[in-house]
Undergrad: 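Below is a structure I'd like to ask you about.
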Amino acid sequence: MITRNEEGAIAKVVDDARSALPGCEVIVVDGSSDRTPEIAKEHGAQVFREPSGGPAPALLYALRASTRPIVVTVDADDTYPADIYPELVRRVREGDDVAGTNRLGRRPPKAMPLRNWVANVLFNVVASVHATRVLRDVHSGQRAYRREIIEHFDWDTTGRAFPVDLLLWPAVAGCRISEIDIPYRERIGETTLHRWIDGRETLRRLFRRVKPRIH
Ligand SMILES: Nc1nc2c(ncn2[C@@H]2O[C@H](COP(=O)(O)OP(=O)(O)O)[C@@H](O)[C@H]2O)c(=O)[nH]1
Ligand SMILES: [Mg+2]
C-alpha cells in the first residue's frame, strides 16, 4: 500500500491485512508528514520512503518491493473489505493474472458521491469498449496481481490515475482478469482525490492508443 497521512486508519488496515493473509509481507511506501510510517512499523509493516513524483511512482515502487509471486494492493484508508483478500489471492493462484474488486455496483454506494459514481461508470464503459471486454472498476485500489504482470509492462507513472492502466493494459494484452463485487466503506481521514484533474488524467489514459510495452 502507499500512504500519505493515514494516521487514523493505518493501524487497522495493516492489522486487517495481516490477519486476513497470515504470513503476508506488508509493504508501505510512505510520503506522510504525520506518524503514519511509525504506526505502520509498530504494526509489523516494512516501511519505505516514497520516491519523488507522487502516488504513481510510489505505487510502482510498492508493487516491485517484494519478491513474492502474488502482490495485493489496497488503499490505506479502510474503504476496502479485508475479508476479500484470500479470495483475490486464490483467484491469482488458480490462473488469473489480475484479480480486482468492483466498488460500483448497480447504484452508488453510500460512501461514494453520485457524481463520482456516474463518472466512474462512464470511465468503465469507455475502458470496456477500448479493451473489447467488460471492465467494471478501473480505479479500484484493491487488487491482486501475478508478479510477472508487474514485471512485463513498462508502466507510465506520470499523473495520478496509474490504477487505470494496471487493469486496462493487461486487459488489452489478453491477460486473464476477474473482478469481484465488494461493499465500499466510508474512508477514515481526508481523501487526496482531485476530482477534475484526476478525471482528465483518467480520460487521457482511457482514450490514448494502448500500446503495452512488453519488456
Ligand atoms: N506515498 C503516497 N501515497 C499517497 C499519495 N497520495 C495518496 N496516497 C495514498 O494512496 C491511497 C489512495 O488515496 P486516496 O486518498 O484514498 O484516494 P481515493 O481513494 O481516490 O479517494 C491512500 O492510501 C493514500 O494515503 C502520495 O502522494 N504518496
Ligand atoms: Mg481511497
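Computed from a predicted model, the values in this text were never measured in an experiment. When a ligand or atom number is given, it counts from 1 through the structure's own listing order.
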Undergrad: Suppose I only count heavy atoms of Ala58 and a 4.0 Å limit; which atoms of ligand 1 are within that range?
TA: 1 (N)
Undergrad: Please say whether more than 12 non-hydrogen atoms of neighbouring residues, nucleotides or ligands are located less than 6.0 Å from CZ in Arg93.
TA: no
Undergrad: Count the heavy atoms of every other residue, nucleotide or ligand shown that sit under 6.0 Å from CD of Glu190, and state whether that count exceeds 12.
TA: no
Undergrad: Pick one: which of Leu166, Leu88, Val74 meets side-chain contact (heavy atoms from CB on, under 4.5 Å) with Arg143?
TA: Leu166
Undergrad: Output yes when the distance from some N or O of ligand 1 to some N or O of Gly54 is under 3.5 Å, and no in every other case.
TA: no
Undergrad: List every atom of ligand 1 that sits less than 4.0 Å from any heavy atom of Gly31, numbering the atoms from 1 in the order shown and giving each element.
TA: 1 (N)
Undergrad: Do any N/O atoms on Arg4 end up under 3.5 angstrom from N/O atoms on ligand 1?
TA: yes
Undergrad: What do we get for Asp77 next to ligand 1 when only non-hydrogen atoms under 4.0 Å count, side chain, backbone, both or neither?
TA: side chain
Undergrad: Relative to the Mg ion (ligand 2), which of the N, O or S atoms in Asp77 is the closest?
TA: OD2
Undergrad: Parallel, tilted or perpendicular, judged at 30° and 60°: which one describes the rings of Phe153 and Trp169?
TA: tilted
Undergrad: Out of the candidates Thr202, Asp198, Asn120, only one should pair with His139 under the side chain to side chain donor-acceptor pair (under 3.5 Å) rule; please name it.
TA: Thr202
Undergrad: Against heavy atoms of Glu6, which atoms of ligand 1 measure under 4.0 Å?
TA: 22 (C), 23 (O), 24 (C), 25 (O)
Undergrad: Check this for me - ligand 1, Thr3, N or O atoms closer than 3.5 angstrom, yes or no?
TA: yes
Undergrad: Which N/O/S atom belongs to Asp75 and is the closest one to the Mg ion (ligand 2)?
TA: OD2
Undergrad: Can Met1 be said to touch ligand 1, with heavy atoms closer than 4.0 Å?
TA: no
Undergrad: Give a yes or no on whether Arg146 atom CZ has more than 12 heavy-atom contacts from other residues, nucleotides or ligands under 6.0 Å away.
TA: yes
Undergrad: Please report the C-alpha distance between Phe123 and Leu203 in whole Å, then the side-chain angles of each, then the deciding distance to 0.1 Å, and finally whether the side-chain contact (heavy atoms from CB on, under 4.5 Å) criterion is met.
TA: CA-CA 7 Å; Phe123 290 153; Leu203 290 173; 3.7 Å; yes
Undergrad: Contact between His139 and ligand 1, counting heavy atoms under 4.0 Å?
TA: no
